[in-house]
S.K.: 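Please read through the structure below; I'll follow up with questions.
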Amino acid sequence: MFDFFAFLAIITLFILLMDTRSRLKRSEAMWKDTAKRIGALQQGRMVVTAAEEAAQDVATPVPETAVPVRGEPAAAFTAAPPAAISDMAPETAKAEPASPVATPSPRKKAKAPAPSEPPRSLASRFENLFGKTLPIWAGGLTLAIAGVLIVRYAIDAGFFARVFTPGVQIVTGLLFGIALIGGAEYAWRNEAKLRDVRVPQALSGAGIATLYAAIMVAANVYQLVGPLLAFFALALVTAAALGLSLRFGPPSALLGLAGGLAAPAMVGAVEPNVPLLAVYLALTIAGLAGVAKTRRWPWLALAALVGGAGWGVWMVLTSAALDTLASLSTGGFVLLLAIAVPMLGYDGPRAAMLRAASAIVGALQLALLVGYGGFAPLHWGLFALIAAAGQWLAWRERGFAIVPTISLLLSLALLAAWPDPTPFWFGLIGLALLAIHAGPLLARLWAVPKELRRTWEVCALAVAPLPLTKWHFWDIADNSLALVALGGALLAAAGIARGWQAPDRGSDSRVAWLAATAGALLALALLLILPMWTAPLAVAAIAAGLLFFGKAAGDRRIERVATGFLAAAVAVLVATPLALDELPRLVEGAASADGQALLRWMGLAAAALLFAVRAEGAVVRRIGQAAAALLAYGACAQFLPLRALMLVPALGGTAALLAARRVRIDRVDAAAASFALLGLGWAALPIASWTTEALLSLAAIPMQLKSGLLTAEPLLLRLLLPALFFGVSLWLIRDSVPRWLRIAGIALAGTVGGIALHAFYRLGCAALAGDDFVATGIVQRLVWEGLLIGGGWLALRRGMTGLARPLVLAGTAHALLYGLVLHNPLWSAQAVGAWPLANLLLPLFLLPWFGVTRIPALFAKPPAALDRFVQVAVMLLVAGFAWATLRQFFHGTLLAEGGVTDAENILRSILLLGLALGFLLWGIRTQRHDWRIASLVLMIGAAGKVFLFDASGLEGLARIGSFVALGFSLIGIGWLYSRQLAPDTPRESATG
């Protein structure tokens with residue numbers, strides 16, 4: 001305890017030190033401001049002669065320095081402000097007559113201001129503080145400690161106890177305290193001799209602390225006086241402390257505070273009398289608060305409340321079982337500290353904040369009392385009392401608005417922590433706390449200024465009884481729990497009704513919060529009462545009701561709340577045990593109709609359709625459309641078989657799209673998109689299987705559609721018919737939808753339909769001609785490519801460029817990639833036919849040529865590079881056809897067979913030379929530079945082949961023939977170049 005008292009003394013000295021520093025700073029600032037004003041006055045006045053200055057000095061009266069009278073506040077001694085001097089100067093100047101003598105002389109100088117007092121050094125300040133100021137206060141505090149220690153020593157020292165009986169000890173302590181106070185009075189009356197007011201302040205504070213300690217020891221330790229006599233004695237000392245504080249100033253009050261709060265701690269080894277301690281502390285803190293209020297010392301009231309709060313917590317924690325009188329005493333003490341003292345002792349701009357903090361601390365202390373007291377009704381009553389007081393404070397001043405909120409949180413926490421309450425007391429106390437908090441909240445819910453926190457508190461009050469009741473009474477009947485939920489819903493509804501006529505009701509989200517709370521509690525009540533299978537229908541009905549209520553209230557926020565309830569209804573639909581049977585039907589279909597499941601899904605679909613039709617927000621409408629589409633599909637899945645169920649998305653999407661011919665597209669677009677996603681879901685597996693085969697075909701592995709997903713029925717029901725329905729519907733409403741949406745939708749439908757048609761084509765070819773890739777591979781590709789390119793060409797002839805472009809490009813790319821790169825018969829074993837020229841090589845190269853040459857017509861302004869691409873592709877096709885035809889002359893139907901005869905090798909060289917000559921002639925005729933360059937490349941290639949390969953691999957006449965053919969070819973090509981291109985040189989030079 002001595003350590004505690006020493007710590008309190010240190011805190012006291014620190015507060016006094018800070019107060020002294022603040023006073024010194026204010027004094028320095030005042031004198032600096034005075035010096036600045038006087039300097040400005042002297043610089044701004046006109047310079048006059050010395051005689052006039054002397055006369056002015058005599059005429060101007062010098063204010064006498066006021067001598068402070070003892071006992072008056074220091075504010076009464078303040079000298080006249082410098083502003084009065086500055087105001088006096090113009091009047092004096094006006095009173096003086098104008099005279100030429102007053103003209104300032106150039107040699108005259110303004111009178112220099114008197115030098116200000118030099119600032120005091122740090123050493124002098126330190127000496128003044130620790131050598132002059134603090135020792136006196138420390139001496140008074142030491143005397144107070146001595147008085148308390150005398151009493152404590154009388155308890156511990158046996159030999160001292162034999163000399164001084166308990167009565168003598170108490171009388172000695174009282175006499176010592178009175179003597180200290182008498183010394184303070186003597187010092188005050190002889191101030192002229194002491195010349196320091198701090199001496200009586202220190203002596204009076206020490207005397208007050210000694211008297212407190214003596215009375216507490218007499219009552220608690222020796223039981224020399226009863227509680228009533230001790231009460232009057234403490235009241236007398238408190239009154240004396242109040243009077244001495246008013247007489248001697250703040251140091252006495254502060255030392256009295258320290259001694260009064262520390263006195264119980266010095267005798268704390270003995271079990272305290274809680275009622276007496278509470279009365280003592282209440283009187284002490286109330287007296288100090290009264291002094292603080294009178295002398296405007298808020299720091300004194302704050303310090304008293306902090307000490308009192310600490311004692312309040314200590315009284316609760318050190319009393320394991322508080323009886324009735326102790327509980328009432330502690331509760332009254334806490335109420336005094338939390339409500340009465342702050343209202344009395346605090347004043348100023350921060351008073352509201354400090355009062356609110358005191359009320360919150362008091363509520364926490366009483367909550368602690370309830371918990372440590374075993375949740376007795378008496379303790380609950382004390383807590384309810386401070387909760388009601390907090391509501392009264394919040395009603396009285398805005399600064400207390402946070403107090404009811406903290407009280408509400410504490411109430412809920414205590415109710416949740418209550419161990420094993422009986423239903424009667426739990427209901428009674430819960431209803432009492434509910435009335436204390438709900439009544440003022442409903443009364444101020446729509447008051448100005450608007451505060452959303454009140455709405456949240458009402459929502460918390462409405463929701464909290466349900467989990468609290470279930471937490472304490474787990475086996476409560478569902479009907480009883482439903483009544484609790486309905487009561488909470490009525491509370492939230494009362495908040496809405498309370499502000500229905502408020503003019504600013506729709507400017508914030510208060511009604512939306514209350515509506516959401518009431519709806520949630522009503523939904524829980526219905527879930528507890530109705531059968532489980534109707535749970536989603538009940539929540540959907542509440543969602544629909546909130547939708548109409550939002551329209552009636554004119555609040556779009558409630559519409560979003562209703563959307564949340566619709567989502568909750570869907571969640572309840574899939575979370576109930578019945579969903580284990582209903583959800584698999586979404587992908588498997590129904591073996592037989594299930595009326596109960598159909599009713600559940602159709603009910604939610606109808607609610608979602610209501611949102612799609614009646615909602616005002618575009619986002620909410622689209623959510624309703626999507627939900628209605630998906631739930632309608634789920635309803636169909638409860639009675640339709642699998643084959644019919646596959647067509648539901650296509651039919652639903654078609655109906656939604658065709659409805660756009662009578663309503664705006666934004667009224668059906670989300671529903672159509674949802675049906676389209678469902679259709680893509682059904683098409684996903686066949687498309688994935690086909691895509692796998694297509695990717696393998698890029699590695700030159702022929703496509704073999706062996707998967708069960710790529711049979712006729714899945715291709716028709718999952719791919720072809722849905723793509724046809726969606727594509728035709730989009731085309732029919734093409735004027736009602738945005739261009740990008742129309743293009744994207746038709747492209748997607750065309751892609752899905754194209755996959756289906758390709759798979760059907762491959763299945764038909766396999767059924768008619770078999771799976772022999774060598775025998776039928778080229779024919780299958782040619783027919784497919786011919787259909788694509790031919791269909792594109794016909795569409796182009798009819799002006800349908802949008803349809804022609806993907807068909808021609810796809811067919812041409814397929815012909816080039818698969819027919820001439822991956823599966824070219826020159827290196828992939830495929831039968832081209834045994835007859836020369838009358839075989840499959842001609843259409844194999846002619847079809848891509850036709851497609852390539854049609855590409856520029858697909859674009860309104862084809863780029864320049866496209867023409868060069870076409871010419872190069874045509875050159876390669878011509879060269880490839882000639883090379884493959886030469887190969888067919890020697891090898892027949894299978895060009896990929898190994899081996900090259902000498903004749904074939906020589907003819908290859910001749911073929912290269914012939915192609916070079918033909919390219920040159922065509923380039924000269926069409927004035928195309930690309931063909932002439934290609935002819936030179938072929939000529940160089942032929943020459944290289946002859947010199948590098950033919951010459952080394954041939955002998956005799958064959959070698960000679962090769963060189964002769966090469967020679968003549970080179971001569972002919974050169975002659976042609978020189979003959980056809982020679983005339984261009986003069987023209988070019990002439991132009992240059």
Side-chain angles (χ1 to χ4, degrees), residues 689-707 710 754-755 757-792 806-855 869 872-900 904 908:
S689 180
W690 181 90
T691 303
T692 302
E693 296 291 338
L695 292 175
L696 291 175
S697 70
L698 294 177
I701 299 176
M703 292 185 67
Q704 301 292 331
L705 305 183
K706 302 295 185 181
S707 174
L710 296 177
I755 292 174
L757 290 175
H758 179 266
F760 270 117
Y761 172 75
R762 294 302 303 271
L763 291 176
C765 290
L768 294 176
D771 296 332
D772 189 358
F773 178 75
V774 175
T776 63
I778 295 179
V779 176
Q780 290 185 18
R781 290 197 305 274
L782 287 175
V783 175
W784 177 250
E785 293 158 4
L787 291 174
L788 292 177
I789 297 175
L807 293 176
V808 172
L809 292 177
T812 304
H814 192 279
L816 293 174
L817 179 61
Y818 287 96
L820 301 179
V821 177
L822 297 177
H823 300 297
N824 195 312
L826 290 173
W827 51 77
S828 177
Q830 294 171 96
V832 298
W835 295 91
L837 297 179
N839 51 50
L840 297 176
L841 289 177
L842 183 61
L844 184 65
F845 287 90
L846 186 61
L847 193 59
W849 168 83
F850 183 79
V852 166
T853 54
R854 300 283 84 76
I855 289 178
F869 165 77
V872 172
V874 171
M875 295 177 200
L876 294 176
L877 290 173
V878 172
F881 173 73
W883 191 277
T885 301
L886 177 63
R887 182 73 176 171
Q888 198 274 339
F889 271 107
F890 289 91
H891 293 274
T893 186
L894 295 177
L895 308 183
E897 291 183 352
V900 178
E904 183 182 357
R908 285 180 175 178

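Side chains included, hydrogens not; waters and symmetry mates left out as well; all remaining heavy atoms used. Starting from 1, each residue takes its place in the sequence as its number.
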S.K.: Of all the heavy-atom pairs spanning Val808 and Ile855, show the shortest one and how long it is.
M.R.: CG1-CG1, 4.5 Å
S.K.: Any side-chain heavy atom of Leu820 sitting closer than 4.5 Å to one from Leu877?
M.R.: yes
S.K.: Quick one: does Leu816's side chain get under 4.5 Å of Val821's, heavy atoms only?
M.R.: no
S.K.: How far does OH of Tyr818 sit from CD1 of Ile778, to the nearest 0.5 angstrom?
M.R.: 16.0 Å
S.K.: Working to the nearest 0.5 angstrom, can you tell me the gap between Trp827 CH2 and Leu822 CG?
M.R.: 9.5 Å
S.K.: Please assess Leu698 against Leu817 for the test side-chain contact (heavy atoms from CB on, under 4.5 Å), listing each intermediate value before the final yes or no.
M.R.: CA-CA 9 Å; Leu698 294 177; Leu817 179 61; 3.9 Å; yes
S.K.: Would the number of heavy atoms belonging to other residues, nucleotides or ligands and lying under 6.0 Å from OH of Tyr761 be above 12?
M.R.: yes
S.K.: Drop me the distance from Leu807's CG to Thr812's OG1, to the nearest 0.5 angstrom.
M.R.: 10.0 Å
S.K.: Of the non-hydrogen atoms in Gly851 and Ile789, which two are nearest, and what is the gap between them?
M.R.: CA-CG2, 4.1 Å
S.K.: Partners of Leu826 by side chain to side chain contact (heavy atoms under 4.5 Å, CB included), sequence neighbours excluded?
M.R.: Asn824, Trp883, Ala884, Arg887, Leu895
S.K.: Using only atom types and a distance under 3.5 Å, with no angle test, would you say the side chain of His891 pairs donor to acceptor with the backbone of Gly899?
M.R.: yes
S.K.: Mark yes or no for whether Ser828, through its side chain, and Pro825, through its backbone, hold a donor-acceptor pair below 3.5 Å.
M.R.: no
S.K.: Can you tell me how far CG of Leu841 sits from CG of Leu846, rounded to the nearest 0.5 angstrom?
M.R.: 12.0 Å
S.K.: What distance do His814 atom NE2 and Leu847 atom CG have between them, rounded to the nearest 0.5 Å?
M.R.: 11.0 Å
S.K.: Between Gln888 (side chain) and Gly833 (backbone), is there a donor-acceptor pair under 3.5 Å?
M.R.: yes
S.K.: Less than 4.5 Å apart, any side-chain heavy atom of Trp690 and any of Met703?
M.R.: yes
S.K.: Which atom names give the shortest non-hydrogen contact between Pro848 and Pro843, and what distance separates them?
M.R.: CD-O, 4.1 Å
S.K.: To the nearest 0.5 angstrom, please state how far the CZ atom of Phe845 sits from the OG1 atom of Thr885.
M.R.: 7.5 Å
S.K.: Would you name the heavy atoms of His823 and Arg781 that are closest together and state the gap between them?
M.R.: O-NH2, 3.4 Å
S.K.: Which is it for Leu782 and Leu844 under the side-chain contact (heavy atoms from CB on, under 4.5 Å) test, yes or no, and what are the steps along the way?
M.R.: CA-CA 7 Å; Leu782 287 175; Leu844 184 65; 4.2 Å; yes
S.K.: A side-chain contact here means heavy atoms from C-beta on lying under 4.5 Å apart; do Arg908 and Val900 qualify?
M.R.: yes
S.K.: On a heavy-atom basis, which atom in Val832 and which in Gly892 lie closest, and how many Å separate them?
M.R.: CG2-O, 4.1 Å
S.K.: Ring-plane angle category for Trp784 and His758, please: parallel below 30°, perpendicular beyond 60°, tilted otherwise.
M.R.: perpendicular
